[in-house]
Asks: 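Please read through the structure below; I'll follow up with questions.
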Amino acid sequence: MIKLILKGNPAYCWTNTDNSYFIGYIYNSCEKINRGPDAINLLKGLLEVDKIIDEEIRDFDGMFSFICSFPDKTIILTDIVNFFPVFYMWHENQWVISNDWQSLVDHKSKFDLNSNASIGFLSGGFVCGNKTLDKEINKTQAADFLTLNSDGTITQKRHFDFIPKKFSDLNYSELIDRTESVFLEAGKDLIKFLDNRTAVVPLSGGYDSRLIVCLLKMFDYKNVICFTYGKKTKEVDISKNVAGELGYKWYFINYSEINYDNYLQDTSFVKYVQQYSNGYSMFFLQEYFAVHELIKMGIIPDNSVFLPGHSGDFIGGSYVEKTAATKISPNRLSDYLLKKYFFFKKPYGKSKKILLHDIQETLQPYPETNIFSNKYNPYVEDWDIKEKLSKFIFRSSYVFTHFGFEHIYPLWNRKTTALFREIPYEMRSFKKLYNKVLIEKFFIPLNVYFNANELNRVSKQYMRYQDLKDIIRNSFPWNLVLKRMIKNDWLNYYEFTKEMEKDLIKKGYRPLKRYKMFTAIICRWYLDNIITTNRNINQN
């Protein structure tokens, strides 16, 4: 027996056919975009030949969750970033399943705060593994093939990883050509997916979103809107110049001119927070106000598709030297990962030990030795994708869902990840190959490379400088540190979070100090929010 509590959202709804449920879309090289009943028939067909589903599903892309109920088990399948998480709990001798975390809390009429999981959430913005902020409620993970058995047991497999099977034996010149070809294939797939709908590109001054608009231009796609947001910086100028050179409409939402008073009480925002964070992830604010303003101005047509650049820079190698460059064995990475990923507000003492234990649990699938490299650890990148990227970075696109729009990740699919997973680290280090291909094959031919006016690239020297800043910042008085943070706050997060801090202080909290990022305030405010929201449940 199972109980399902499934809810749609402004952009997608669940389809139900013969005890099978699907949300989102799934495709194979955009030959056909499968939705609703077509997607259910496709996936049920694979389940009927159970021995090949692991191989077959590896050929598919998309954003989806699929639930199929049998008399003795329920199978849940998620896409490679788990964009539509499914929550489950064993309650009163049955599985209760929902895509809405709060619905499960309401169903059991009790909120049991997972104080251990909250440590990782407060310091990193997401909950580790399959846990949530309620002790009894678990969730699916990226690329899950999960079986909930009728006796309360669980089996889990994953249908995607970013661990190289072997490194490519192509030479540098051949890899340049192959990379260009894969991105052009991604562009063709994108055009098919758009199907003449308006493409809306959050265009920064960086390379990922610029590659997307270049692909649109190369395939002569005209129905394009670009936008940039934040405070006026060099990035804004670059973005404007790129859009102008390509002949695309461009809008800038200046965050210094928006009134943020009382936005926490706005009905739409309250719903956004609940559906986005869903008991496991910090909600993002950086694009929320921009999209809200663009809609209010009547700029975004109905049925538009947003094209975020996640996470071209990652597969290109932006984190190779930052995180993957370690000789630590795969199953002993917990201390290292805590330092690299959980820094909003660092935990100490008992809290640190608890978080280390939770991180260690997520490392169990990895072997004791690294057979791929003496310098780089591929399991760090795989862990990053399944933990931070899926729960924190890709999840940020829920802002488009909230406002009723579909989105697709043009640079993140089976072909691009398969290619870059096999490229030797030396060619991915500091995005060596990625940047060369983008600049020489796409940007220069379209006249959108600006040489000396480009943003500074990350280097070893820059990384050392950042590490040194982190060491010495704590020796300065907090008011000076905060003043510098505000000065460099191009996204205006200080203004966003100031309202949250006021709200918390009214409730008796002390002002938060010695945090590294303003996101620490968001996490603290959300945790208080769900505790306050569910207080009446526990009292009853």
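Because the structure is predicted, anything quoted here is derived from the model rather than measured.
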Asks: So, is the end of the K431 side chain (NZ or CZ) under 6.0 Å from the ring centre of Y434 and within 45° of the ring's axis?
Replies: no
Asks: Are a donor atom and an acceptor atom from the side chains of Q102 and N534 found within less than 3.5 Å of each other?
Replies: yes
Asks: When you measure from the centre of the six-membered ring of Y398, is the NZ or CZ of R395 under 6.0 Å away and within 45° of the axis?
Replies: yes
Asks: Between N377 and T326, do the side chains contain an N or O donor and an N or O acceptor separated by less than 3.5 Å?
Replies: no
Asks: T15 side chain to P37 main-chain N or O, any donor-acceptor pair under 3.5 Å?
Replies: no
Asks: Is a donor from one side chain sitting under 3.5 angstrom from an acceptor on the other, for S329 and E368?
Replies: no
Asks: Does the side chain to side chain donor-acceptor pair (under 3.5 Å) test come out yes or no for S268 and H292, once each step is laid out?
Replies: CA-CA 10 Å; S268 176; H292 181 272; over 6 Å; no
Asks: Hey, which of F121, Y276, F284, F283 is the one that makes ring pair (Phe, Tyr, Trp, His ring centres under 6.0 Å) with F392?
Replies: F284
Asks: Is there a donor-acceptor pair under 3.5 Å between the side chain of T78 and the backbone N or O of A142?
Replies: no
Asks: Check whether any side-chain N or O of S98 sits under 3.5 Å from a backbone N or O of I5 as a donor-acceptor pair, and report yes or no.
Replies: yes
Asks: Answer yes or no: is there a donor N or O on one side and an acceptor on the other, between the side chain of N114 and the main chain of A117, under 3.5 Å?
Replies: yes
Asks: Counting heavy atoms not belonging to K108, are there more than 12 under 6.0 Å from its NZ?
Replies: yes
Asks: Who pairs with Y366 by ring pair (Phe, Tyr, Trp, His ring centres under 6.0 Å), at least two apart in sequence or on another chain?
Replies: Y379
Asks: Do K516 and F343 meet the cation-pi criteria used here (NZ or CZ under 6.0 Å from the six-membered ring centre, within 45° of the axis)?
Replies: yes
Asks: Under the criterion side chain to side chain donor-acceptor pair (under 3.5 Å), I'd like the reasoning laid out for S318 against D313: C-alpha separation, chi angles, the key distance, then a yes or no.
Replies: CA-CA 5 Å; S318 61; D313 68 318; 3.1 Å; yes
Asks: Going by distance alone, is a donor N or O of one side chain under 3.5 Å from an acceptor N or O of the other, for T74 and W95?
Replies: no
Asks: Is the count of non-hydrogen atoms from other residues, nucleotides or ligands lying under 6.0 Å from Q364 atom CD greater than 12?
Replies: yes
Asks: Does the side chain of D18 come under 3.5 Å of the side chain of S20 through a donor N or O and an acceptor N or O?
Replies: no
Asks: With salt bridge (Lys or Arg N to Asp or Glu O under 4.0 Å) as the test, would you mind laying out the steps for D161 and K386 before giving the verdict?
Replies: CA-CA 8 Å; D161 63 58; K386 290 169 180 173; 5.6 Å; no
Asks: Between T362 and W383, does any side-chain donor sit less than 3.5 Å from a side-chain acceptor?
Replies: yes
Asks: Please confirm whether F83 and H407 have ring centers closer than 6.0 angstrom.
Replies: yes
Asks: Run the side chain to side chain donor-acceptor pair (under 3.5 Å) check on S150 and D72 step by step: do they pass?
Replies: CA-CA 5 Å; S150 58; D72 61 336; over 6 Å; no
Asks: How about T532 and N529: does a side-chain donor come under 3.5 Å of a side-chain acceptor?
Replies: no
Asks: Minimum heavy-atom separation for I393 to S311, with atom names?
Replies: CG2-OG, 4.0 Å
Asks: Counting only N and O atoms by type, is there a donor-acceptor contact under 3.5 Å from the side chain of Y336 to the main-chain atoms of V380?
Replies: no
Asks: Checking side chain to side chain donor-acceptor pair (under 3.5 Å) for the pair S397/Y409: CA distance, chi angles, key distance, verdict?
Replies: CA-CA 10 Å; S397 297; Y409 304 115; 3.2 Å; yes
Asks: Here's a test for you: under side chain to side chain contact (heavy atoms under 4.5 Å, CB included), which of I408, L216, N223 qualifies with L194?
Replies: L216
Asks: Taking side-chain hydrogen bond (donor to acceptor under 3.5 Å, both in side chains) as the definition, give me every residue that meets it alongside S103, ordered by chain and number, with sequence neighbours left out.
Replies: K7, D100
Asks: Using only heavy-atom distances, determine whether the side chains of Q360 and R332 contain a donor-acceptor pair under 3.5 Å.
Replies: no
Asks: Tell me which one of F66, F64, Y12 satisfies ring pair (Phe, Tyr, Trp, His ring centres under 6.0 Å) with F84.
Replies: Y12
Asks: Please step through salt bridge (Lys or Arg N to Asp or Glu O under 4.0 Å) for the pair K339 and D335, ending with a clear verdict.
Replies: CA-CA 6 Å; K339 177 183 176 182; D335 274 296; over 6 Å; no
Asks: Using the ring pair (Phe, Tyr, Trp, His ring centres under 6.0 Å) criterion, which residues pair with F306? Sequence neighbours excluded.
Replies: F400, F405
Asks: Looking at Y280, is K139 sitting on its ring face, NZ or CZ under 6.0 Å from the six-membered ring centre and within 45 degrees of the normal?
Replies: yes
Asks: Look only at the side chain of E381 and the backbone of I163, and say whether a donor-acceptor pair between them is shorter than 3.5 Å.
Replies: no
Asks: Grab the two heavy atoms, one from Y27 and one from K32, that are nearest each other, plus how far apart they are.
Replies: CB-O, 3.3 Å
